[in-house]
Amino acid sequence: MLAFFDIQKKIDHEIRMRDGACKLLAACSQRDQALEAAKSLQTCSTRIMAYMSELQRMKEAQVMQNIPRRSSDVGPMDDRLPCKGKVAISDLRIPLMWKDTEYFKNKGELHRCAVFCLLHLGGEIFDTDMVIVDRTLTDICFDNPIIFSDAGPGFQLHVELYSCCFEEDYSTGSTPRKLASKLSSSLGRSAGKKLRAAMETGPGSPVSNGGASPLLLPVPSVQGPKYHLLAHTTLSLSHVQDSFRTHDLTISGNEECSYWLPLYGSMCCRLAAQPNCMTQRMMSGWLKVRQCGGDPQSWSKVFAVLQGTSLFCYHRQEDVETNIEPVFTIGINKETRIRASEKDPHSKAQNICISNQYGGEEVTHTLTTESREDTHRWMEAFWQHFYDMSQWRQCCDDVMKIELPSPRKPAPITPKQGSLYHEMGMSGIKDKARKKVLASCRTLLRGSSAAG
């Protein structure tokens, strides 16, 4: 029930954030503000849908648990689940394919778009910073790493690139900026005001709706920029590699779309994963160890820690916390063989034999526990560890490096510029109301990125 309550709280939070984004978008007079507000609106809507899907999956799982099953339906591994882990995507590059006349000769109309990426894995959704793209760029770059902290080995990481034409008018109830600039230079104030009033767009017109496809959840209708899905792809465990790789993109839209950009149809990134079994202690406790080739009666009492591809053996338990080097290490990997055997028919203790191949030679370490219960706990920990390794595959060869993301920078504000017509969109009273809405909505939206 607690998990259901947490998901519902997230949905309620994102609905409030979405409403705040709508109000901010309706009040924006600056292009940068409108683009950021539209980006927040898109992100909130995506999070709401993801949380609702997660809630539905949890309800279905609960129903399935209540359905009685025959014993013959249950396999030996049904109750064993792989560990969770972190998945990080960084240094995202999406190459552009401009025409020679556009990039090298700088000819043709300058086409600019505001773009950003939405990345979601399960119930975790993150957005990148917004980037303005024109023909001076050869790649769309998102450098900051994004980390998903609750991924399973069967994860599906969805990467979606959204685009919005930068040149469209985003203010509510005012003339397009390009036309306002022309009016300021060619018409007088009186004539310009009349023409501008005649060209105002109504709130229900197709232009104000931007041609966006309807959201599955009802979203308040609001004028302003609309982001469109330009390209997307899905990454999984097979794409994880501790280096840069190229992945195919599925492109939406065509050259006739205002938000179109000439993509190559691929993206480059580094996708890394850290299963918990590689970075956390999966089992620890006191053991007696007899090293290979040693005296059969010579046992060393050690405090052992199972983590990653090793069983670390320390003289004292405190050495683990103080980062003192272990006395020795026993390899634990996909090729390791482990078996339990009786030490003495009349004794409660058991042996655990760990065998590894080194240069064609088998090396065996023998561990002794204090009781059968301890042996069972250690053997279960080893089997779970091997199962985790088998599920996370190449991610358990070595610990992959994951860099922490740097703090998000506030969105840059473009200084006011242009003619008097840019500042005449609202009366003094309406201007005060606009400022009030902007202030309250900014406060709400500051927490939106942290909610995922």
Side-chain angles (χ1 to χ4, degrees), residues 46-47 49-51 53-54 56-58 60-61 64 75-94 117-128 142-161 231-250 265-282 306-310 331-336 381-405 452:
T46 303
R47 282 180 176 151
M49 294 305 301
Y51 293 152
S53 299
E54 190 73 13
Q56 183 63 30
R57 281 194 294 269
M58 291 170 64
E60 290 175 357
M64 292 301 295
M77 299 300 290
D78 274 9
D79 294 331
R80 196 182 295 279
L81 296 174
C83 67
K84 297 287 188 176
K86 292 180 180 179
V87 172
I89 184 170
S90 59
D91 299 300
L92 187 57
R93 301 281 189 275
I94 302 176
C117 273
L118 272 182
L119 304 100
H120 45 108
L121 190 159
E124 295 182 280
I125 298 111
F126 296 98
D127 60 325
T128 66
F142 303 103
D143 294 322
N144 217 22
I146 292 177
I147 302 174
F148 301 88
S149 57
D150 191 37
F155 71 86
Q156 297 284 312
L157 172 54
H158 303 282
V159 182
E160 298 173 346
L161 178 67
H232 63 93
T233 190
T234 301
L235 305 177
S236 62
L237 183 66
S238 61
H239 299 104
V240 173
Q241 185 175 323
D242 204 6
S243 61
F244 291 97
R245 286 187 63 180
T246 301
H247 310 280
D248 292 334
L249 281 175
T250 300
S266 62
M267 74 171 195
C268 303
C269 69
R270 178 178 179 267
L271 185 66
Q274 285 184 352
N276 291 344
C277 63
M278 295 294 290
T279 59
Q280 299 178 10
R281 299 177 200 169
M282 307 310 290
L306 177 61
Q307 178 177 323
T309 57
S310 299
I332 304 292
N333 53 58
K334 300 167 189 174
E335 307 301 324
T336 302
F382 284 128
W383 294 136
Q384 180 65 47
H385 205 58
F386 289 136
Y387 180 70
D388 293 337
M389 288 181 168
S390 70
Q391 298 301 299
W392 282 97
R393 294 181 291 182
Q394 76 274 19
C395 305
C396 293
D397 294 338
D398 292 294
V399 179
M400 295 185 182
K401 184 179 179 182
I402 290 180
E403 295 181 2
L404 294 177

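This one's a predicted model, so the numbers in the text were calculated from it and none came from an experiment. Note that the numbering runs from 1 along the sequence shown for the chain. For the numbers below, each heavy atom of this structure counts, side chains included, while hydrogens, waters and symmetry mates do not.
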S.K.: Any donor and acceptor pair, going by atom type alone, linking the side chain of Thr233 with main-chain N or O of Asp248 inside 3.5 Å?
M.R.: yes

S.K.: What's the shortest heavy-atom distance between Thr246 and Ser266, and which atoms?
M.R.: CG2-CB, 3.8 Å

S.K.: Take Gln307 and Asn276, measure what side chain to side chain contact (heavy atoms under 4.5 Å, CB included) needs, and give me the verdict at the end.
M.R.: CA-CA 9 Å; Gln307 178 177 323; Asn276 291 344; over 6 Å; no

S.K.: What's the spacing between Leu249 CG and Met267 CE if we round to 0.5 Å?
M.R.: 6.0 Å

S.K.: Is any side-chain heavy atom of Leu235 less than 4.5 Å from a side-chain heavy atom of Cys269?
M.R.: yes

S.K.: With a 4.5 Å cut-off on side-chain heavy atoms, are His247 and His239 touching?
M.R.: yes

S.K.: With rounding to the nearest 0.5 angstrom, report the CD to SG distance, Gln391 to Cys83.
M.R.: 9.5 Å

S.K.: Should Arg393 and Asp388 count as an ion pair when the cut-off is N to O under 4.0 Å?
M.R.: no

S.K.: Does any non-hydrogen side-chain atom of Ser149 lie less than 4.5 Å from one of Glu124?
M.R.: yes

S.K.: Taking Gln394 for the side chain and Leu237 for the main chain, is one N or O donor matched with an acceptor at less than 3.5 Å?
M.R.: yes

S.K.: Can you confirm whether Met49 sits close enough to Ile125 that some side-chain heavy atom of one is under 4.5 Å from a side-chain heavy atom of the other?
M.R.: no

S.K.: Heavy atoms only: give me the nearest Cys396-Thr309 pair and the separation to one decimal.
M.R.: O-CG2, 3.5 Å

S.K.: Donor-acceptor pair, distance only, cut-off 3.5 Å: does the side chain of Gln280 make one with the backbone of Pro275?
M.R.: no

S.K.: Apply the test side-chain hydrogen bond (donor to acceptor under 3.5 Å, both in side chains) to residues Thr234 and His158: give CA-CA distance (whole Å), side-chain angles for both, the deciding distance (0.1 Å), then the verdict.
M.R.: CA-CA 5 Å; Thr234 301; His158 303 282; 3.2 Å; yes

S.K.: Crowded around Lys334 NZ? As in, over 12 foreign heavy atoms under 6.0 Å?
M.R.: yes

S.K.: Run the numbers on Leu271 and Leu157 for side chain to side chain contact (heavy atoms under 4.5 Å, CB included), then give the verdict.
M.R.: CA-CA 10 Å; Leu271 185 66; Leu157 172 54; 3.8 Å; yes

S.K.: Is the shortest distance from a Lys or Arg side-chain nitrogen in Glu54 or Arg57 to a carboxylate oxygen in the other one below 4.0 Å?
M.R.: yes

S.K.: Does CD belonging to Glu335 count more than 12 external heavy atoms closer than 6.0 Å?
M.R.: no

S.K.: Is there a side-chain contact between Glu403 and Ile147 in this structure, where contact means two heavy atoms from C-beta onward sitting under 4.5 Å apart?
M.R.: no

S.K.: Supply the atom-to-atom distance Leu118 CG to Thr128 OG1, rounded to the nearest 0.5 angstrom.
M.R.: 7.5 Å

S.K.: Rounded to the nearest 0.5 Å, what separation is found between the CD1 atom of Ile146 and the CD1 atom of Ile402?
M.R.: 13.0 Å

S.K.: What's the verdict on side chain to side chain contact (heavy atoms under 4.5 Å, CB included) for Phe142 and Ile89, showing C-alpha distance, side-chain angles and the deciding distance?
M.R.: CA-CA 10 Å; Phe142 303 103; Ile89 184 170; over 6 Å; no

S.K.: Nearest 0.5 angstrom please: Cys277 SG to Ile332 CD1, how far?
M.R.: 12.5 Å

S.K.: Under the 3.5 angstrom rule, does the side chain of Trp392 hit a backbone N or O of Pro82 as a donor-acceptor pair?
M.R.: no

S.K.: For Cys117 and Leu161, run side chain to side chain contact (heavy atoms under 4.5 Å, CB included): C-alpha distance rounded to whole Å, both residues' side-chain angles, the deciding distance at 0.1 Å, then the answer.
M.R.: CA-CA 5 Å; Cys117 273; Leu161 178 67; 3.8 Å; yes

S.K.: Could you tell me whether a side-chain N or O of Gln274 sits under 3.5 Å from a main-chain N or O of Met400, the two making a donor and an acceptor?
M.R.: yes

S.K.: Can you confirm whether Asp91 is buried at CG, in the sense that more than 12 heavy atoms of other residues, nucleotides or ligands lie under 6.0 Å from that atom?
M.R.: yes

S.K.: Please find the pair of heavy atoms, one from Arg47 and one from Asp127, that lie closest to each other, and give the distance.
M.R.: NH2-OD1, 4.3 Å

S.K.: My understanding is that only residues two or more places apart in sequence, or in another chain, count here; which of them pass ring pair (Phe, Tyr, Trp, His ring centres under 6.0 Å) with Phe148?
M.R.: Phe126

S.K.: How far does CZ of Phe244 sit from CG of Leu92, to the nearest 0.5 angstrom?
M.R.: 10.5 Å

S.K.: Indicate yes or no: does Asp150 engage Lys86 in a salt bridge with an N to O separation below 4.0 Å.
M.R.: no

S.K.: What closest approach, in Å, do Leu81 and Tyr387 show between heavy atoms, and which atom pair accounts for it?
M.R.: C-CE2, 3.8 Å

